[in-house]
Amino acid sequence: MDWAEFAQRMAAMARDLLAQRSVGDTLERITASAIELVEGCDAAGILMLHGTEVRSLAPTDPLVADSDLLQGEAGEGPCFDAVRHGTDEPVFRIADLTTETRWPAYAPRARDLGVGSMMGFLLFTEDEELGALNLYSRRPGAFTEASELAGWLLASHAAVAFSSARTQAQMEQAVATRHVIGEAMGILMGSHRLTEEQSFAVLRRYSQENNLKLREVARRVCEQGGLS
């Protein structure tokens, strides 16, 4: 590993991550960077858990999505465990999946998918856990200690970029929501001679009675000119 060259490429990648326009673009750049920067990596993806439901994000190869799906079905696996156990096990490296005896419901079927060796890195900041960045090779023994260090450095930058992109998206959504609600209130105030407080109460009551999000109710008002 030429660490001087790696440092330059990592710096360029970090700047590139912050320039992405959406959360999805950021995640795709992270997983693509894993293949570019980590020796031995053939494919990469990010796994997230919602309860026991597995979400496979930005996979670079069908192998990744298939492995994530398999872990979700089996309820076990290295990537699954990395996310479930949190910062207690932030990094794992499996040198040879053909000799792996843990995860008996996952490992044999993963070998059938073509997985030879794996690494995983928990994506986390001081405030939140974001899932796990998982790297795959089709060859046993593909990942070395240098590969693990490179992956860990990438994951550290990736977690910050992922968190920043998600926060920005949430802020933009909140602004858009406030805007559409304000527009809907104005329509109701003009058409029914309501005060701001009364118009908001109408939106909220309709939302509760019809089990719809307030933003969806407001959007209907803006499109239809009122509530039917």
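Any value given below was found using the heavy atoms of this structure, including those in side chains, with hydrogens, waters and symmetry copies removed. The structure presented is a predicted model; accordingly, all values stated were derived computationally and were not measured.
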**Student:** Would you find more than 12 non-hydrogen atoms of other residues, nucleotides or ligands less than 6.0 Å from Glu73 atom CD?
**Tutor:**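 Check passes, neighbour count above 12.
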**Student:** State, with a plain yes or no, whether a side-chain heavy atom of Leu188 is found less than 4.5 Å away from one of Phe200.
**Tutor:**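 SC-SC contact between Leu188 and Phe200 ruled out.
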**Student:** On a heavy-atom basis, which atom in Trp103 and which in Pro108 lie closest, and how many Å separate them?
**Tutor:**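 Looking at all heavy atoms of both residues, the shortest contact is O-CD, 4.1 Å.
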**Student:** Can you find a heavy atom in the side chain of Tyr136 that is under 4.5 Å from one in the side chain of Cys79?
**Tutor:**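 Tyr136 vs Cys79: side chains touch.
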**Student:** I need the minimum non-hydrogen distance between Thr144 and Arg93, along with the two atoms involved.
**Tutor:**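 Scanning both residues, the minimum pair turns out to be C-NH1, 3.7 Å.
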**Student:** Quick one: are Leu97 and Pro140 in side-chain contact, heavy atoms under 4.5 Å?
**Tutor:**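 No; the side chains remain at least 4.5 Å from each other.
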**Student:** Any heavy-atom pair between the side chains of Leu154 and Ser33 that's under 4.5 Å?
**Tutor:**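 Yes, close enough: below the 4.5 Å cut-off.
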**Student:** Any sub-3.5 Å donor-acceptor pair from Asp2's side-chain atoms to Glu5's backbone N or O?
**Tutor:**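 Flag set: sc Asp2 to bb Glu5 pair under 3.5 Å.
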**Student:** Are Arg55 and Leu47 packed together at the side-chain level, in the sense that at least one heavy-atom pair is separated by less than 4.5 angstrom?
**Tutor:**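 When only atoms from C-beta onward are counted, Leu47 and Arg55 do not touch, as no gap falls below 4.5 Å.
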**Student:** Which value, rounded to the nearest 0.5 Å, describes the distance between Arg215 atom CZ and Thr177 atom OG1?
**Tutor:**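 Result: 4.0 Å between the selected atoms.
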**Student:** Which heavy-atom pair separates Ala34 from Ala44 by the least distance, and what is that distance?
**Tutor:**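 Looks like CB-CB, 3.8 Å.
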**Student:** Verify the neighbour count for atom CD of Glu145: are there more than 12 heavy atoms of other residues, nucleotides or ligands below 6.0 Å?
**Tutor:**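 Counting other residues, nucleotides and ligands, CD of Glu145 stays at 12 neighbours or fewer.
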**Student:** One thing to verify: whether Glu209 and Arg204 come together as a salt bridge, which I'm taking to mean a side-chain N less than 4.0 angstrom from a carboxylate O.
**Tutor:**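 Judged by the 4.0 Å cut-off on N to carboxylate O distance, Arg204 and Glu209 do not form a salt bridge.
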**Student:** Give me the atom names and distance for the closest heavy-atom approach of Ala43 to Val64.
**Tutor:**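 So the minimum-distance heavy-atom pair works out to CB-CG2, 3.7 Å.
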**Student:** Is it true that atom CD of Gln224 has more than 12 heavy atoms of other residues, nucleotides or ligands lying nearer than 6.0 Å?
**Tutor:**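 Yes, the 6.0 Å shell around CD holds more than 12 heavy atoms from other groups.
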**Student:** Under a 4.5 Å side-chain heavy-atom rule over Ile, Leu, Val, Met, Phe, Trp and Tyr, are Trp3 and Met10 clustered together?
**Tutor:**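 Hydrophobic grouping puts Trp3 with Met10.
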**Student:** Check for a donor-acceptor pair, side chain of Ser137 on one end and backbone N or O of Ala142 on the other, with a separation under 3.5 Å.
**Tutor:**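 No, Ser137 side chain to Ala142 backbone: no donor-acceptor pair under 3.5 Å.
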**Student:** Check the pair Glu148 / Val91 against side chain to side chain contact (heavy atoms under 4.5 Å, CB included), numbers first and verdict last.
**Tutor:** CA-CA 8 Å; Glu148 183 174 323; Val91 179; 3.6 Å; yes
**Student:** Look only at the side chain of Arg139 and the backbone of Val115, and say whether a donor-acceptor pair between them is shorter than 3.5 Å.
**Tutor:**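 Not confirmed, Arg139 side chain does not pair with Val115 backbone.
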**Student:** Please answer whether the main-chain N or O of Tyr206 pairs with a side-chain N or O of Asn210 as donor and acceptor at a distance below 3.5 Å.
**Tutor:**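 It does hold such a pair.
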**Student:** Grouping I, L, V, M, F, W and Y whenever their side-chain heavy atoms are under 4.5 Å apart, do Met189 and Ile187 come out in a common cluster?
**Tutor:**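 Different clusters.
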**Student:** Using only atom types and a distance under 3.5 Å, with no angle test, would you say the side chain of Ser207 pairs donor to acceptor with the backbone of Leu212?
**Tutor:**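 Answer holds: yes.
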**Student:** Tell me whether Ser147 contacts the main-chain N or O of Glu39 through its side chain, where contact means a donor paired with an acceptor under 3.5 Å.
**Tutor:**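 At least one qualifying donor-acceptor pair exists.
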**Student:** Before giving the answer on salt bridge (Lys or Arg N to Asp or Glu O under 4.0 Å), spell out for Asp61 and Arg138 the whole-Å C-alpha distance, their side-chain angles and the decisive distance to 0.1 Å.
**Tutor:** CA-CA 12 Å; Asp61 189 281; Arg138 292 181 172 83; 3.1 Å; yes
**Student:** I'd like to check Met119 versus Cys41 (side-chain heavy atoms, cut-off strictly below 4.5 Å). Are they in contact?
**Tutor:**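 Not touching, per the 4.5 Å side-chain cut-off.
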**Student:** Should Glu76 and Pro104 count as side-chain neighbours, where that means a heavy-atom distance under 4.5 Å?
**Tutor:**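 Result yes, sub-4.5 Å side-chain heavy-atom pair found.
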**Student:** Does any non-hydrogen side-chain atom of Leu17 lie less than 4.5 Å from one of Ile30?
**Tutor:**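 Sidechains of Leu17 and Ile30: in contact.
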**Student:** In Å and rounded to the nearest 0.5 Å, what is the CG to CG distance from Leu227 to Leu203?
**Tutor:**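 Atom-to-atom, Leu227:CG and Leu203:CG are 6.5 Å apart.
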**Student:** Look at Arg219 together with Glu183 and state whether they make a salt bridge at an N to O cut-off of under 4.0 Å.
**Tutor:**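 Result for this pair is no, no salt bridge flagged.
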**Student:** Quick one: does any side-chain atom of Gln198 pair with a main-chain N or O of Thr195 as donor and acceptor, under 3.5 Å?
**Tutor:**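 Looks like yes, one N/O pair under 3.5 Å.
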**Student:** Any ion pair linking Arg109 and Asp66 (charged N to carboxylate O, less than 4.0 Å)?
**Tutor:**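 Result for this pair is no, no salt bridge flagged.
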**Student:** If you compare all heavy atoms of Pro59 against all heavy atoms of Ala65, which two are closest, and at what distance to 0.1 Å?
**Tutor:**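 What the structure gives for the nearest pair is CB-N, 4.2 Å.
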**Student:** Nearest 0.5 Å please: distance from the CZ atom of Phe92 over to the CG atom of Leu135.
**Tutor:**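 Reported value, rounded in 0.5 Å steps: 8.0 Å.
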**Student:** Ignoring hydrogens and geometry, is there a side-chain-to-backbone donor-acceptor pair from Glu100 to Asp96 under 3.5 Å?
**Tutor:**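 No: the side chain of Glu100 does not pair with the backbone of Asp96.
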**Student:** Over all heavy atoms of both residues, which pair between Ala218 and Val180 is shortest? Give the atoms and the distance, please.
**Tutor:**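 That would be CB-O, 3.7 Å.
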**Student:** Does any N or O in the side chain of Gln71 come within less than 3.5 Å of the main-chain N or O of Phe80, such that one atom is a donor and the other an acceptor?
**Tutor:**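 Looks like yes, one N/O pair under 3.5 Å.
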**Student:** Does one hydrophobic cluster hold both Met13 and Ile35, with members joined at side-chain heavy-atom distances below 4.5 Å?
**Tutor:**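 No, no single cluster joins them.
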**Student:** One pair to check against side chain to side chain contact (heavy atoms under 4.5 Å, CB included): Phe121 and Ile46. What are the steps and the verdict?
**Tutor:** CA-CA 9 Å; Phe121 306 87; Ile46 294 171; over 6 Å; no
**Student:** Check this for me: does any side-chain nitrogen of one of Lys213 and Glu216 sit under 4.0 Å from a carboxylate oxygen of the other?
**Tutor:**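 The answer is no: the pair does not qualify as a salt bridge.
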**Student:** Roughly how far, to the nearest 0.5 Å, is CZ of Arg29 from OG1 of Thr26?
**Tutor:**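 One gets 10.5 Å once the value is rounded to the nearest 0.5 Å.
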**Student:** Under the side-chain hydrogen bond (donor to acceptor under 3.5 Å, both in side chains) criterion, do Tyr106 and Ser67 qualify, and how do the steps go?
**Tutor:** CA-CA 9 Å; Tyr106 167 75; Ser67 173; 2.7 Å; yes
**Student:** My understanding is that only one of Leu27, Leu123, Leu57 makes a side-chain contact (heavy atoms from CB on, under 4.5 Å) with Leu133; could you say which?
**Tutor:**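 Of all the options given, the one that passes is Leu123.
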